[in-house]
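Since the structure comes first, as structure tokens, the remarks are kept for the end.
This one's a predicted model, so the numbers in the text were calculated from it and none came from an experiment.
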Amino acid sequence: MSTSRSSPGSNQERSKPSITDQGYRLLTGYCSADQLAALKTEAEALIERHYTPANLAAHSVYPSDSTDTRVSHAMMIAEGQSELPQVDHQGCPAVHKLLQRHNQLLAEFTGQQVAPSARCMLNYQNYFAGSKPVGEHFDGEYIRTQRASDGIEFSLIEGILPRYVAVLVIANENNGKGTELVDNATGAVYKPTMHPGDLLIFDNIRLRHKVPTMEKPRTTLGLRNFDHLAVHFAADEQSFIGDDYSPIAEGWVSTSVNCNKRFADFMQQQWPAMKEDYSHYF
């Protein structure tokens with residue numbers, strides 16, 4: 001896999017993308033310094049605009065994962081209008097362009113066009129000096145979980161997993177250290193070197209990911225499409241709601257479940273009670 005530096009819009013980007021044998025691809029120089037500055041400004045403006053009790057209750061934004069050394073905000077956006085929860089990103093042309101480019105990558109990876117209504121989670125994360133490590137995990141919509149005895153750690157019982165996850169580095173003072181990928185089948189660990197402007201996209205089913213302690217600051221913008229070929233996760237057979245489940249780390253996944261319908265059912269049947277657990281955020 002080539003990791004040579006390239007300018008935005010170069011032949012490297014225009015060539016047909018693919019996921020490597022390792023299950024990921026690193027696109028170096030995906031965004032210019034000016035583009036990164038615009039994305040940072042717009043992402044922070046969207047957080048200021050949309051982090052409200054009403055949007056949290058609507059499940060269009062997600063509770064901030066905040067500690068003394070790391071702050072993470074996430075919200076659902078789309079190129080068009082969805083019937084599922086989302087927020088608008090009007091007035092944010094850099095974010096909109098990044099979303100379009102990301103969806104085009106997904107279309108080329110999967111061979112299927114991404115519907116304008118397909119929602120993508122925009123995840124803006126700031127790691128400060130000495131940030132605690134983030135353990136191995138799949139990104140996803142966690143529908144049912146089981147808390148550990150410490151009340152902090154949890155196991156995923158049922159969820160919706162985006163097929164691919166993308167991470168764009170906005171800033172990184174850690175000599176390229178950041179997201180690490182773990183192959184579920186072999187246990188192999190990949191540590192791609194990522195500098196500002198680099199985009200990592202990886203198979204969220206084949207690979208779990210983690211982040212080690214960051215000795216110095218690092219800022220990223222994550223993208224994951226929950227409505228384009230997402231899969232249903234079940235920890236055990238009692239949580240199956242469809243057919244064709246295949247084993248992965250910590251459970252099973254099915255591509256035959258209608259994940260949009262499952263999420264809509266979740267919003268009607270389970271979220272009204274669950275959202276009370278988030279009322280302490282504000």
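- Note that the NE2 atom of His89 and the CG atom of Leu99 stand 5.5 Å from one another [nearest 0.5 Å].
- Between Thr110 and Arg163, the side chains place no donor N or O within less than 3.5 Å of an acceptor N or O (distance only, hydrogens not considered).
- Using a 4.5 Å heavy-atom threshold, the side chains of Phe138 and Asn184 count as touching.
- Within the 3.5 Å criterion, the main-chain N or O of Met214 finds a donor-acceptor partner in the side chain of Ser131.
- A side-chain donor from one of Tyr245 and His232 sits under 3.5 Å from a side-chain acceptor of the other.
- Checking Ser60 against Arg119 by side-chain atom types alone, no donor-acceptor pair falls below 3.5 Å.
- Separating the CG atom in Asp203 from the CZ atom in Arg25 is a distance of 15.0 Å, to the nearest 0.5 Å.
- The side-chain contact (heavy atoms from CB on, under 4.5 Å) with Leu122 is formed by just one residue from the set Ile77, Ile47, Leu39; it is Ile77.
- Glu42 and Val95 make their closest contact through OE1-N, 2.8 Å (heavy atoms, listed as atom of the first residue, atom of the second, distance).
- Residues Ser256 and Asp244 share a closest heavy-atom pair of CB-OD2, 3.9 Å.
- Remark: Asp183 CG to Tyr190 OH distance equals 5.0 Å, nearest 0.5 Å.
- Side-chain contact check for Asn123 and Ser72: at least one donor-acceptor pair (N or O, by modelled atom type) lies under 3.5 Å.
- Rounding to the nearest 0.5 angstrom, the gap separating the CD1 atom in Ile160 from the CG atom in Asp139 is 14.0 Å.
- Using a 4.5 Å cut-off on side-chain heavy atoms (C-beta onward), Met76 and Pro85 make no contact.
- A cation-pi arrangement, defined by a distance under 6.0 Å to the six-membered ring centre and an angle within 45 degrees of its axis, is absent between Arg208 and Phe202.
- Closest of all the heavy-atom pairs between Phe266 and Pro272 is O-CD, 4.4 Å.
- His59 pairs in a side chain to side chain donor-acceptor pair (under 3.5 Å) with only one of the listed residues (Glu141, Gln86, Lys275), which is Glu141.
- Contact annotation: the side chain of His209 approaches that of His137 to within less than 4.5 Å [non-hydrogen atoms, C-beta and beyond].
- Of all heavy-atom pairs spanning Gly140 and Leu161, the tightest one is CA-CD2, 4.0 Å.
- Between the side chains of Gln104 and Glu108, at least one donor N or O lies within less than 3.5 Å of an accepting N or O.
- For the atom pair Ile143 CD1 and Phe233 CZ, the distance stands at 11.5 Å (nearest 0.5 Å).
- The two residues Thr193 and Leu26 make their nearest non-hydrogen contact at O-CD2, 3.5 Å.
- Taking CE of Met121 as the start and CZ of Phe226 as the end, the distance is 4.5 Å to the nearest 0.5 Å.
- Taking the ring centre of Tyr30 as origin, the terminal cationic atom of Arg101 falls inside the region bounded by 6.0 Å and 45° from the ring axis.
- Defined by atom type and a distance below 3.5 Å, a donor-acceptor pair is present between the side-chain atoms of Tyr124 and Glu44.
- Not a single donor-acceptor pair under 3.5 Å links the side chain of Asn172 to the backbone N or O of Gly178.
- Heavy-atom minimum distance, Ile157 versus Ser239: CG2-OG, 3.6 Å.
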